[in-house]
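Notes follow once the structure below has been shown.
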Amino acid sequence: MVQAPERLIGAEVKRKEDPRLITGQGTYVDNLKFVGTAYLAILRSPYAHARIKRIDASRARVHPKVLAVFTGEDLRRDGIGSIPVGWLLPDIKLPPHYPLAVDKARYVGDGVAAVVAEDRYSAYDALSLIEVEYEPLPAVVDQEAATRPGAPQVHDEAPNNICFKFAMVAGDVNRALAEADGVVRQRIINHRTSGSSVEPRAAVALYQPATGELTLYNTNQNPHLIRLLLALTMNYPEHKIRVIAPDVGGGFGTKIYLYPDEVVACYAAMKLGRPVKWVETRSEYLRATVHGRDHITDFEVAYKRDGTITGLKVTTYANLGAYISPFAPLIPTFLYVPMLHGPYKLPNVSAEVYGVFTNTTPVDATRGAGRPEATYLLERMVDLVARELNMDPADVRRKNVLEPFENYQTPLAFVYDSGNYPATLNRALELVDYARLREEQRRLREQGRYIGIGLSTYVEVTGAAPSQVAVSLGAQAGLFESAIVRVHPTGKVTVFTGSHTHGQGHETTFAQAIADEFGISIDDVEVVHGDTDAIPFGLGTYGSRSTPVGLTAAYIAGQRIIEKATKIAAHLLEAAEADIVFEGGRFFVRGAPERAVTFQEVALEAYVPRKIPADLELGLEATAFFNPSNFVFPFGTHVAVVEVDPETGQVKLLRYLAVDDVGRVINPMVVDGQVHGGVVHGIGQALWEQVVYDEQGNLLTGTWLDYAMPKAPDLPSFQTDRLETPSPVNPLGVKGAGETGTIASTPAVVNAVLDALAPFGVKHIDMPLTPERVWRALQAARGQG
Amino acid sequence: MARVSIRINGVLHEADVEPRLLLVHFIRDVAGLTGTNIGCDTSQCGACTVIMNGRAAKSCTFLAVQCDGAEILTIEGLAKDGQLHPIQQAFWEKHGLQCGYCTPGMIMTAYHFLQMNPNPTEEEIRHALEGNICRCTGYHNIVKAIQYAAELMRGGAPAPTPAD
């Protein structure tokens with residue numbers, strides 16, 4: 001296949017989406033105005049677990065601005081069902097999840113009633129007029145405690161609150177443990193966090209009774225998936241529903257799912273025949289939008305005297321919260337357990353995971369989703385082994401990382417597509433001048449200052465595929481992506497993609513790749529996404545899949561266009577098709593470059609035929625569904641340098657280096673931006689962020705006053721560097737770059753803090769490493785000393 | 001209901017409002033200027049930052065009635081005659097935004113800050129952003145953008161031509 005010269009792939013092109021966003025012209029859902037809009041507010045349970053004995057909405061109903069009040073019973077009576085689960089596992093328990101609670105509320109934030117009023121303020125006023133008689137029930141928050149006999153039961157359908165059990169085994173771990181020179185056992189908590197996009201969720205639902213069209217404008221990452229889940233939940237024809245995700249103010253995984261509130265908005269619009277808008281407040285977001293992580297894990301690691309790690313045995317209790325969020329079963333299973341092999345030779349691994357219901361907000365994918373949990377465990381494991389052996393953590397990594405490969409079959413299911421782990425590790429050590437850093441650390445310790453150096457050597461998995469395998473493992477949706485590339489008569493191009501961009505920059509990066517493919521200007525390519533009436537059936541953006549899967553679909557559609565355009569050019573040039581060369585936006589006859597037509601001339605001929613024969617189909621447009629043959633596996637090494645004040649426990653992040661290999665890079669500026677943001681997301685978990693419940697299930701971090709988001713003064717600037725090992729899975733050689741930072745940075749920072757504390761004998765502290773936790777660990781270590 | 005008149009981007013907006021109406025809702029719903037976003041309920045995130053009487057202010061922390069007679073500048077009023085303000089230009093050049101939701105607040109915060117401190121250090125810029133939360137960028141490129149904006153506003157290097 002002839003390719004256009006590449007001018008744009010690899011270039012730092014300024015983003016096409018920015019002019020509207022820097023001038024206040026973004027189309028975020030709450031900015032949309034429709035005549036006659038009514039406002040929805042949801043009454044949420046203040047109890048973690050309670051029987052709903054009676055709901056009296058009579059005072060709310062007579063409020064002059066109130067249009068309607070709905071309860072769970074109303075929705076059920078009108079045939080609104082349970083929100084479906086998108087990934088099923090063997091023997092999984094599937095208790096219903098109704099959009100408004102029926103009989104029982106199961107977490108603080110569970111919706112129990114809904115008010116629709118003429119304006120926002122009146123809707124909230126009316127919430128306080130609804131009287132709900134609750135009978136509080138005992139609640140359970142801790143997922144391990146929830147499995148013990150006698151624990152409060154969240155759902156009758158799930159004895160001991162166990163939703164599923166999942167296990168995988170590679171090799172013989174028990175033998176590795178028995179034959180080891182040493183074994184480290186550790187319990188580690190990967191605590192609960194919030195994705196916390198700055199835009200909370202929002203929806204506007206519109207209903208046309210005459211046609212039955214239901215339109216939902218919604219902050220989501222995947223409009224077709226939302227439409228499908230909505231059709232199933234509401235028992236409403238899919239083709240009568242249109243879902244539009246316009247500008248979305250960040251997702252981080254939390255906007256993948258169909259939530260109860262969006263269903264209620266659609267229901268209310270249909271009942272009232274008016275546009276209904278619902279906008280979440282931040283305190284609602286922290287209660288009612290999924291949380292992430294929340295694993296309690298015990299592991300045992302077997303190692304040899306020379307630092308070779310020979311076996312890993314893992315038991316994890318994964319907190320699912322009160323209901324199964326649509327993709328929750330996937331996260332602590334297939335996105336976690338197979339990644340416990342990591343970038344290492346590690347031949348023997350066994351893991352057992354319990355997915356457990358508790359009286360807390362549902363947990364699902366947030367940035368990283370399963371891979372941060374696996375990487376955190378592995379990277380802590382390596383440092384604990386290094387500590388036991390008194391070896392340098394870099395040396396233990398050098399000893400254990402896989403040699404460079406293409407298509408490596410791991411013992412835990414996955415085939416890693418391509419990798420060169422020693423290269424990124426060595427590059428990172430070289431860039432930080434590791435030997436000099438260690439020397440400086442020694443020197444400063446003599447002065448009573450405690451610097452720590454933390455490494456994280458990771459591999460992660462993006463661009464989930466292939467669809468047939470995923471479906472055989474429980475997926476209720478495929479994992480392909482779609483695109484239509486439409487060349488207009490003037491040679492301008494629109495790319496309709498099933499991927500969605502909410503910060504990732506696809507309007508620019510996809511345009512770069514397609515403009516290169518056709519040898520045309522990037523100004524002549526427009527990328528359209530986020531509207532089920534405009535784009536082909538697509539699966540949206542999550543798991544860093546947009547570039548490896550979504551862009552590849554557009555590229556393949558582009559190749560089909562070039563194939564057809566070549567036929568047209570052959571007629572125009574009166575030459576044999578086999579003699580036509582396409583280069584730099586021109587079709588010409590091989591050996592006679594002056595006999596040429598431009599891409600634009602060919603486009604015009606496709607719609608205004610002068611020379612092409614009648615048997616050649618008119619138009620210049622192609623659709624592609626790309627179903628990759630495998631996942632792709634980005635990797636790299638990150639280094640954090642911190643200073644810990646042993647008197648106060650305060651951690652200061654001094655320096656951070658990210659060396660990543662995400663395959664071929666379309667726009668380095670955009671990839672750097674993804675890395676910066678991802679790294680800070682992971683640092684946030686390591687040092688500050690935590691969703692906290694008390695024992696009764698009250699949420700103690702219900703606003704951003706209490707949930708500690710990372711802020712600019714607490715962070716340094718970052719150093720980024722990259723190697724490029726192309727992926728063999730797709731024609732562009734690309735992988736995904738959206739989550740590497742989050743996956744790598746949490747363990748790098750925690751390892752750095754524990755490295756700083758090594759002279760005090762502190763081996764492990766659970767995150768977040770707040771001054772109080774560090775100080776307490778130091779006190780405990782000093783007490784023992 | 002109380003009568004308020006607030007001048008926003010040079011245009012006078014007069015309305016009878018509930019005394020409890022927040023300034024940010026006045027700007028968004030009464031004046032119809034939706035560039036100013038809302039990200040939290042507790043004045044942590046700074047997405048709603050505007051310039052009020054010359055100073056950066058979180059418009060969710062004021063009632064509209066408190067702002068009767070105020071002069072307000074929002075993100076929509078920053079570009080003049082189709083020309084981006086140097087801070088907007090710098091955010092674009094330096095990839096200082098991703099999803100764009102916090103961006104109007106970041107830009108308005110930077111607008112006031114750079115008037116007070118035209119030649120800031122990185123540390124001063126980071127300190128100035130203490131009241132603005134961004135989840136996408138890790139602040140790295142926001143800091144770079146504000147440094148570059150300062151340079152442009154001091155009449156430093158002209159803006160480079162767009163990357164090709």
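The shown structure was predicted, so the numbers you read here are calculated from the model rather than taken from an experiment. Below, chains carry the letters A, B, ... as their sequence lines are ordered, and counting in each starts from 1.
Proximity to chain A is limited to the side chain of B:L84, based on heavy atoms less than 4.5 angstrom apart. For a residue to count as touching a neighbouring chain, one of its non-hydrogen atoms must lie under 4.5 Å from one of that chain's; by this rule B:N132 does not touch chain A. Neither the backbone nor the side chain of A:V279 comes within less than 4.5 Å of any heavy atom of chain B. Residue A:R20 does not touch chain B at all, counting heavy-atom pairs closer than 4.5 Å.
Taking a 6.0 Å sphere around NZ of A:K33, one finds it holds more than 12 heavy atoms contributed by other residues, nucleotides or ligands. Counted within 6.0 Å of CZ on B:R55, heavy atoms from surrounding residues, nucleotides or ligands total 12 or fewer; the atom is thus considered open.
A salt bridge between B:R20 and A:D125 is present, with a side-chain N of the basic residue lying under 4.0 Å from a carboxylate O of the acidic one. Between A:E689 and B:R135 there is a salt bridge, with a side-chain nitrogen of the basic residue lying less than 4.0 Å from a carboxylate oxygen of the acidic one. For B:R28 and A:D30, the salt-bridge test passes: some basic side-chain N is under 4.0 Å from an acidic carboxylate O.
In this structure, the side chain of A:R282 does not engage the main chain of B:D41 through any donor-acceptor pair within 3.5 Å. Distance alone, capped at 3.5 Å, is enough to place a donor-acceptor pair between the A:Y28 side chain and the B:G100 backbone.
Classified by interplanar angle (parallel below 30°, tilted 30° to 60°, perpendicular above 60°), the ring pair B:H140/A:F718 is parallel.
Atoms OG1 and CD1, from A:T281 and B:I38 in turn, are 10.5 Å apart once rounded to the nearest 0.5 Å. How far CG of B:L21 is from OH of A:Y121: 4.5 Å, rounded to the nearest 0.5 Å. Separation of atoms SG (B:C134) and NZ (A:K711) is listed at 13.0 Å; rounding is to 0.5 Å. The distance from the CE atom of A:M709 to the SG atom of B:C40 is 10.0 Å, given to the nearest 0.5 Å. Atoms SG and CZ, from B:C99 and A:F252 in turn, are 6.0 Å apart once rounded to the nearest 0.5 Å. To the nearest 0.5 Å, the span separating CZ on A:R15 from CG on B:L97 amounts to 5.0 Å.
When only modelled atom types and interatomic distance are considered, B:Q88 and A:T23 share no side-chain donor-acceptor pair under 3.5 Å.
Between B:Y139 and A:H676, a ring centre-to-centre spacing not shorter than 6.0 Å is recorded.
Residues A:Q674 and B:Q98 form a side-chain contact, since some pair of their non-hydrogen atoms from C-beta on lies under 4.5 Å apart.
Between A:N31 and the options B:N37, B:L33, B:T36, a side-chain contact (heavy atoms from CB on, under 4.5 Å) holds for only B:N37.
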